[in-house]
Amino acid sequence: PFRIAVFASGSGSNFQAITDAVKAGRLDVELGLLVCDKPQAAVVDRADRAGIPSFVFRPREFSSREEYEREIVKRLKEHDIDLVVLAGYMRLITETLVTPYYGRMINIHPSLLPSFPGLNAVEQALEHGAKVTGVTVHYVDGGMDTGPIIAQRALAIGEGESAESLTERIHKIEHELYPEVIQWVREDRVRLDGRRVRVIM
Ligand code: GAR
């Protein structure tokens, strides 16, 4: 089996979409592990209910980022994880994790990168008066939302559209796109060549 780990910090609607896609047979992977840095996050309950093992930790209980990232790498190896899927994991990832998993770690971000990286991407787009925004899935490198881009979907921002409405529409796109891209990786159709990504259709 092809085993994935999902990293999330919050509600976990993308985690749920991935779990649902596996159940529906649209995504041929085994959800081997949830990694979560917030013990109170709703995503932890979602994993428990789905019977998916989780590694939940409190960053403050480690002496450094390097120390908890080393622990995460250990867990990923124990669970024989082939692909790391960041889905609303709100922490910067450093070389301790990036180096062993480069090319095997992807992230989803709620904007058309390189526009609006970092936190509150939906609000950033509205503040800039952007007319178009979207969703990006990319490989993770050491930067903040800077890695090679695998897939993007664009959407037009409505006149006077609220952050709530735009967030909801972006989530809907994410929930369709992310399982699809993970399945491409599963089928070995995503090729990373320097900064360029080629998807074999
Ligand atoms: C998603 O919209 C994801 O794109 C975003 O967090 C949300 C998590 O929602 N990620 C980032 O902003 C990363 N910079 P979820 O917990 O319901 O899946």
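We count ligands from 1, going down the list as the structure has it; atoms in each ligand are counted the same way.
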Below 4.0 Å from any atom of ligand 1, is there a heavy atom belonging to Q16? no

For A8, state whether at least one heavy atom is located under 4.0 Å from any atom of ligand 1.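 Per 4.0 Å heavy-atom rule, A8 does not contact ligand 1.
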
Would you call R70-E66 a salt bridge at under 4.0 Å N-O? yes

Cationic N near anionic O, under 4.0 Å, R169 to E161: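 Yes, R169 and E161 are salt-bridged.
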
Identify, for [atom], the protein heavy atom at the shortest distance, and state residue, atom and that distance.
| atom | answer |
| --- | --- |
| atom 9 (O) of ligand 1 | H171 NE2, 3.3 Å |
| atom 6 (O) of ligand 1 | M90 CE, 3.4 Å |
| atom 5 (C) of ligand 1 | P110 CD, 3.8 Å |
| atom 2 (O) of ligand 1 | E174 OE1, 2.9 Å |
| atom 13 (C) of ligand 1 | H109 ND1, 3.8 Å |

Please check whether N107 reaches ligand 1 - meaning an N/O of the residue sits under 3.5 Å from an N/O of the ligand, judged on distance alone. no

Counting only nitrogen or oxygen atoms and a 3.5 angstrom limit, does G12 reach ligand 1?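 Min N/O separation from ligand 1 is below 3.5 Å for G12.
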
Greater than 12 external heavy atoms within 6.0 Å of E78's CD: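 More than 12 heavy atoms, drawn from other residues, nucleotides or ligands, come within 6.0 Å of this atom.
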
Which ligand 1 atoms does I108 reach within 4.0 Å, using its non-hydrogen atoms?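 Counting atoms of ligand 1 from 1, those under 4.0 Å from I108 are 4 (O), 10 (N).
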
Ligand-residue contact atoms, ligand 1 with G88, heavy atoms, under 4.0 Å: 6 (O), 8 (C), 10 (N)

Name the one of R65, R60, E67 that satisfies side chain to side chain donor-acceptor pair (under 3.5 Å) with S63?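 By the side chain to side chain donor-acceptor pair (under 3.5 Å) criterion, S63 pairs with just one of R65, R60, E67: E67.
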
Tell me the nearest of S13, G10, G118 to atom 15 (P) of ligand 1, using heavy-atom distances. S13

Kindly determine whether K172 and E176 satisfy salt bridge (charged side-chain N to carboxylate O under 4.0 Å, His left out), including the steps that lead there. CA-CA 7 Å; K172 225 180 137 213; E176 287 169 14; 5.0 Å; no

Take V135 and Y178 through the side-chain contact (heavy atoms from CB on, under 4.5 Å) test and state the conclusion after the steps. CA-CA 10 Å; V135 173; Y178 218 6; over 6 Å; no

Can you confirm if the aromatic rings of H79 and F55 lie within a centre distance of less than 6.0 Å? no

In terms of the angle between their ring planes, are F57 and F62 parallel, tilted or perpendicular, with boundaries placed at 30° and 60°?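 Because their plane-to-plane angle is over 60°, the rings of F57 and F62 count as perpendicular.
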
